[in-house]
Amino acid sequence: MKRLERVRRWARGIKRDVVVLWLAARDRRVPWYAKLAAGAVAAYALSPIDLIPDFIPVLGYLDDLIIVPVGIIVVLKLIPVDVLADLRATAMKHTGQPVSRAGLVAVVSIWVLLAVLLFWATLGPPAAVR
């Protein structure tokens, strides 16, 4: 039971830290490079769709279990400690989970680009390009 409770606390912390990153991307006290990284990780984590769909065995949960938490940990290290404490306090008061339309657009754009590249690689470039 102790291990299960530890995992639950970790998951709650990850959810809170996603909101912290969402707030950090908009905070003027955060350096520009940390804002950029925080915005990218938060947009992907809050996107309603995943880059790797969950129905794909093993790989589908790779982003949820490894990529997003590692991204959160790395970006949190870029934010000044005093600002991070303020943002965590604000995130605890924040009700509801924000949704990232930018993350949705980015993921859909990547899928469309991959589809075009796959189509082009399979059938060759269009006649106008040749």
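Hydrogens, waters and symmetry mates are skipped; everything else that's a heavy atom, side chains included, is used. Worth saying up front: this structure is predicted, and the values here are computed from it rather than measured.
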In a table with atom names and distances, give each donor-acceptor pair under 3.5 Å that connects a side chain of residues 32-39 to protein atoms at least two apart or in another chain.
| residue | atom | partner | partner atom | Å |
| --- | --- | --- | --- | --- |
| K35 | NZ | D27 | O | 3.1 |

Drop me the distance from R6's CZ to K2's NZ, to the nearest 0.5 angstrom. 7.0 Å
Co-members of the apolar cluster containing L113 [side chain, <4.5 Å]: L117
Tell me every residue that passes salt bridge (Lys or Arg N to Asp or Glu O under 4.0 Å) with R16, counting only those two or more places apart in sequence or in another chain. none
Can you see which heavy atom on A42 is nearest to which on V18, and at what distance? CB-O, 4.2 Å
Across all chains, not counting sequence neighbours, the side-chain contact (heavy atoms from CB on, under 4.5 Å) partners of L114 are I110
Please table the atom pairs, donor to acceptor, closer than 3.5 Å between any side-chain atom in residues 69-87 and protein atoms at least two apart or in another chain.
| residue | atom | partner | partner atom | Å |
| --- | --- | --- | --- | --- |
| D86 | OD2 | R29 | NH1 | 2.8 |

Rounded to the nearest 0.5 Å, what's the gap from CH2 on W22 to OG1 on T90? Could you check? 11.0 Å
